[in-house]
A.B. asks: 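Following this message is one structure expressed as structure tokens.
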There are 2 protein chains.
Amino acid sequence: MKDNDGGAVALDRIDLKILERLQANGRMTNQELADAVGLSASPCLSRVRRMERAGVITGYNTQIALSRICRHVDVVAAVTLKAHGPEDFELFENMVIAMRFVTECTKVSGPIDYLVHFVCPDISAYQMLSDELLLMGPKVGNLSSYIVLKTVKPNQGFALDGLLEQPVR
Amino acid sequence: MKDNDGGAVALDRIDLKILERLQANGRMTNQELADAVGLSASPCLSRVRRMERAGVITGYNTQIALSRICRHVDVVAAVTLKAHGPEDFELFENMVIAMRFVTECTKVSGPIDYLVHFVCPDISAYQMLSDELLLMGPKVGNLSSYIVLKTVKPNQGFALDGLLEQPVR
DNA sequence: GGTGAAATAGTTTTTAT
DNA sequence: ATAAAAACTATTTCACC
């Protein structure tokens with residue numbers, strides 16, 4: 001599911017509708033999708049395939065309510081490195097990428113360098129992982145942990161209509 | 001896709017395998033899934049439906065590479081309220097839930113109350129939204145904005161095998 | 001709770017516009 | 001580039017284990 005050309009991708013209104021529908025339900029059949037966007041099945045499918053090949057659609061996921069299956073803790077760590085050379089960033093990033101129970105990591109601007117999201121079996125597992133970052137990893141200057149108490153608004157995709165008001169034909 | 005009973009859900013090894021596969025590819029066919037977990041198509045489908053009804057599977061999403069479609073800014077705001085009564089939390093949460101371009105919001109422990117994730121068309125749109133929270137909303141004591149520069153590790157689901165080592169039959 | 005066959009429904013390729 | 005039709009494949013139900 002990768003065939004990037006590196007450039008921007010032009011989408012028309014129908015492509016946008018397809019993305020909106022698939023964002024809300026990634027498992028709908030091509031038939032349902034075609035009906036929803038006012039196309040017959042085969043052009044609808046070729047549009048989806050085209051967006052997959054262009055790297056616009058990068059994958060399909062299943063949302064799991066982890067709390068229904070097992071106890072776990074959800075923690076966000078705000079990490080600041082001591083040194084800020086390219087090799088310091090690279091070392092930290094490779095460590096985080098390889099780390100189990102890290103579900104997501106972003107590099108941010110400002111006094112914090114990284115936000116690292118962990119989903120671990122328990123606090124002691126988190127304790128070990130954050131220690132690993134602090135002790136064994138590259139020079140981590142500060143690591144503040146924020147335990148997630150509640151998901152107020154779960155991720156339900158982008159407001160594509162609001163984001164794409166200009167470039168859509 | 002909701003038929004919760006409020007209680008915990010018992011899963012066996014096959015259910016777990018199903019979740020792992022669907023987490024990696026939410027659009028695989030039931031046939032492929034059945035083959036992957038060593039079941040025939042019909043029991044595989046009934047397990048999936050059962051987990052959907054039990055609220056273990058809460059939905060199917062499509063990942064979109066927004067940067068291939070349009071310019072945008074991705075910001076995480078760390079918000080601390082001035083007052084911490086139940087009504088202050090509720091007011092803030094309702095505001096955030098209704099807010100366009102907020103893709104995700106979590107309540108956290110510690111000196112910060114909420115992490116609010118925005119994906120906006122540009123910085124001026126973000127400026128307006130954060131002002132809305134600061135000025136019109138409930139008493140926001142502090143709002144620090146962290147612009148996302150890079151996604152180091154994109155969300156690829158949970159390490160289910162590591163999280164579920166105890167309760168699986 | 002699983003299997004395998006049968007009917008229904010969806011996907012995908014080809015062909016024509 | 002779209003649509004319709006044909007061939008193929010998957011989904012879903014059901015009788016049986």
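Below, chains carry the letters A, B, ... as their sequence lines are ordered, and counting in each starts from 1.
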A.B. asks: Taking any heavy-atom pair under 4.0 Å as a contact, classify B:R49: base, sugar-phosphate, or nothing.
C.D. replies: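 Here B:R49 touches the backbone only, sparing every base.
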A.B. asks: What about B:M128 and B:F101, same hydrophobic cluster or not, with Ile/Leu/Val/Met/Phe/Trp/Tyr joined at side-chain heavy-atom distances under 4.5 Å?
C.D. replies: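 Each belongs to a different hydrophobic cluster.
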A.B. asks: Could you identify which residues cluster with A:V76, counting Ile, Leu, Val, Met, Phe, Trp and Tyr as linked when any side-chain heavy atoms lie under 4.5 Å apart, either directly or through a chain of such contacts?
C.D. replies: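 Its cluster mates, by chain and number, are A:V108, A:I112, A:L115, A:Y146, A:V148, B:V76, B:V108, B:I112, B:L115, B:Y146, B:V148.
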A.B. asks: Taking any atom under 4.0 angstrom from a heavy atom of chain A, which nucleotides of DNA chain C are the first and last to qualify, 5' to 3'?
C.D. replies: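 Both ends considered, the range comes out as C:dG10 to C:dT13.
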A.B. asks: Hey, does A:R50 reach any base, or is it just sugar-phosphate, or nothing, if we go heavy atoms under 4.0 Å?
C.D. replies: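 Nothing, no heavy atom under 4.0 Å.
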A.B. asks: Starting at CD of A:Q31 and ending at P of D:dA3, how long is that distance when rounded to a whole Å?
C.D. replies: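 So the CD-P distance, A:Q31 to D:dA3, works out to 13 Å.
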A.B. asks: Between the side chains of A:D12 and A:R47, is the shortest nitrogen-to-carboxylate-oxygen separation below 4.0 Å, so that they form an ion pair?
C.D. replies: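 Salt bridge flag = yes for A:D12 with A:R47.
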A.B. asks: What is the distance, rounded to the nearest whole Å, between atom CD1 of A:I18 and atom P of D:dA1?
C.D. replies: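 Those two atoms, CD1 and P, are 14 Å apart.
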A.B. asks: Please identify each residue that fulfils salt bridge (charged side-chain N to carboxylate O under 4.0 Å, His left out) with A:D74, with sequence neighbours left out.
C.D. replies: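 If we apply the salt bridge (charged side-chain N to carboxylate O under 4.0 Å, His left out) test to A:D74, skipping adjacent residues, there are no hits.
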A.B. asks: Answer whether the closest heavy-atom distance between the side chains of B:L11 and B:M51 falls below 4.5 Å.
C.D. replies: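 B:L11 vs B:M51: side chains touch.
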A.B. asks: For A:D35, check salt bridge (charged side-chain N to carboxylate O under 4.0 Å, His left out) against everything at least two apart and list the hits.
C.D. replies: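 Scan of A:D35 (salt bridge (charged side-chain N to carboxylate O under 4.0 Å, His left out), adjacent residues dropped) gives none.
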A.B. asks: Quick one, which residues of residues 33-43 of chain B touch DNA chain D with a heavy atom under 4.0 Å?
C.D. replies: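 Hits under 4.0 Å, by residue number: B:A41, B:S42.
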A.B. asks: CG of A:N30 versus P of D:dA3: gap in Å, rounded?
C.D. replies: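 Atom-to-atom, A:N30 to D:dA3, this comes out as 13 Å.
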A.B. asks: Please work out the stems of DNA chain D from pairs that are Watson-Crick or G-U wobble with both distances under 3.5 Å, keeping only runs of three or more consecutive pairs.
C.D. replies: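 Stem segments, range with range: C:3-17 with D:1-15.
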